[in-house]
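Since this is a predicted model, take the numbers as computed values, not measurements.
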Amino acid sequence: MFWKKDKGGAKVTDEGEARKERKATPKDLMIEQIDAVEPGKEITYKLGEIYVKPYITIVHNVQGKKFTVYQDGKDEAGNPSGGRGKFWDANNSREIASWIIERSGTLYQG
């Protein structure tokens with residue numbers, strides 16, 4: 001409908017309708033990080049300051065559901081306290097990333 005034909009008969013689009021590449025969102029990047037975790041390994045994120053248990057650890061399982069999500073509090077120094085508890089199991093990294101992004105989570109590098 002909005003196509004023009006050049007003299008050779010090939011269809012070309014209007015100049016203003018050039019296709020733009022989709023940029024990766026923070027959620028897309030987090031999904032990639034979670035999916036890149038090898039089986040048996042884990043990755044930790046820190047939620048926003050308002051959370052009592054701000055550390056979320058995602059373990060890539062060898063058996064069962066693909067991921068197990070743990071929640072952990074912080075010690076006096078502001079680091080994970082080590083008393084983490086199981087939060088939920090999931091097969092989909094997208095739902096985990098969505099949950100973390102909604103709570104202002106970022107990768108924890110501790």
Side-chain angles (χ1 to χ4, degrees):
M1 164 171 21
F2 298 105
W3 302 92
K4 296 179 183 176
K5 287 189 177 184
D6 65 359
K7 292 183 181 181
K11 293 182 180 179
V12 294
T13 61
D14 289 337
E15 293 174 19
E17 293 185 29
R19 237 185 179 170
K20 294 182 181 179
E21 288 202 25
R22 183 174 173 255
K23 293 185 180 181
T25 65
K27 181 178 173 181
D28 293 334
L29 297 174
M30 189 175 289
I31 291 168
E32 287 178 17
Q33 288 173 339
I34 294 170
D35 286 336
V37 175
E38 297 176 17
K41 303 288 181 181
E42 58 187 49
I43 189 169
T44 303
Y45 292 92
K46 184 176 181 186
L47 301 180
E49 293 297 320
I50 65 168
Y51 295 94
V52 175
K53 292 186 175 184
Y55 294 99
I56 303 299
T57 302
I58 302 156
V59 178
H60 188 153
N61 296 321
V62 179
Q63 296 178 344
K65 295 261 187 174
K66 189 172 181 179
F67 301 105
T68 299
V69 180
Y70 294 94
Q71 192 171 21
D72 195 0
K74 58 183 174 181
D75 60 13
E76 296 80 29
N79 298 318
S81 65
R84 67 184 183 189
K86 187 174 178 180
F87 201 51
W88 92 85
D89 292 318
N91 280 324
N92 189 345
S93 58
R94 180 172 298 282
E95 75 181 45
I96 297 169
S98 293
W99 188 86
I100 293 171
I101 291 288
E102 287 172 3
R103 289 155 182 81
S104 304
T106 57
L107 183 64
Y108 174 70
Q109 313 239 341

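Both I96 and F87 are assigned to one and the same hydrophobic cluster, defined by single-linkage of ILVMFWY side chains at heavy-atom distances under 4.5 Å.
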Run the side-chain donor-acceptor check on residues 34-42: report pairs under 3.5 Å with partners two or more places apart or on a different chain.
| from | atom 1 | to | atom 2 | distance (Å) |
| --- | --- | --- | --- | --- |
| D35 | OD1 | S93 | OG | 2.8 |
| D35 | OD2 | S93 | OG | 3.2 |
| E42 | OE1 | R84 | NH1 | 3.4 |
| E42 | OE1 | R84 | NH2 | 3.3 |
| E42 | OE2 | R84 | NH1 | 3.3 |

Show me, pair by pair, the donor-acceptor contacts under 3.5 angstrom made by side chains of residues 50-57, not counting sequence neighbours?
| from | atom 1 | to | atom 2 | distance (Å) |
| --- | --- | --- | --- | --- |
| Y55 | OH | G78 | O | 2.2 |
| T57 | OG1 | T44 | OG1 | 3.2 |

Output a table of donor-acceptor pairs, distance under 3.5 Å, between side-chain atoms of residues 100-110 and any protein atom two or more places apart or on a different chain; print 'none' if there are none.
| from | atom 1 | to | atom 2 | distance (Å) |
| --- | --- | --- | --- | --- |
| R103 | NH1 | W99 | O | 3.0 |
| Y108 | OH | N79 | OD1 | 3.2 |

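Taking each heavy atom of K65 and A90 in turn, the nearest pair found is CB-O, 3.9 Å. Minimum heavy-atom separation, D28 to K23: OD2-O, 4.4 Å. For the residue pair D72 and P80, the shortest heavy atom distance occurs at OD2-CB, 3.5 Å.
Applying the side chain to side chain donor-acceptor pair (under 3.5 Å) rule to N91 yields no partners; only residues at least two apart in sequence or on another chain are considered. Among residues two or more places apart in sequence or in another chain, the ring-ring contact (aromatic ring centres under 6.0 Å, His included) test is passed with F67 by H60. Listed by chain and residue number, T68, Y70, D89 satisfy the side chain to side chain contact (heavy atoms under 4.5 Å, CB included) test with K86 (two or more places apart in sequence, or in another chain).
You'll find the side chain of L47 stays beyond 4.5 Å of the side chain of Y45, heavy atoms only.
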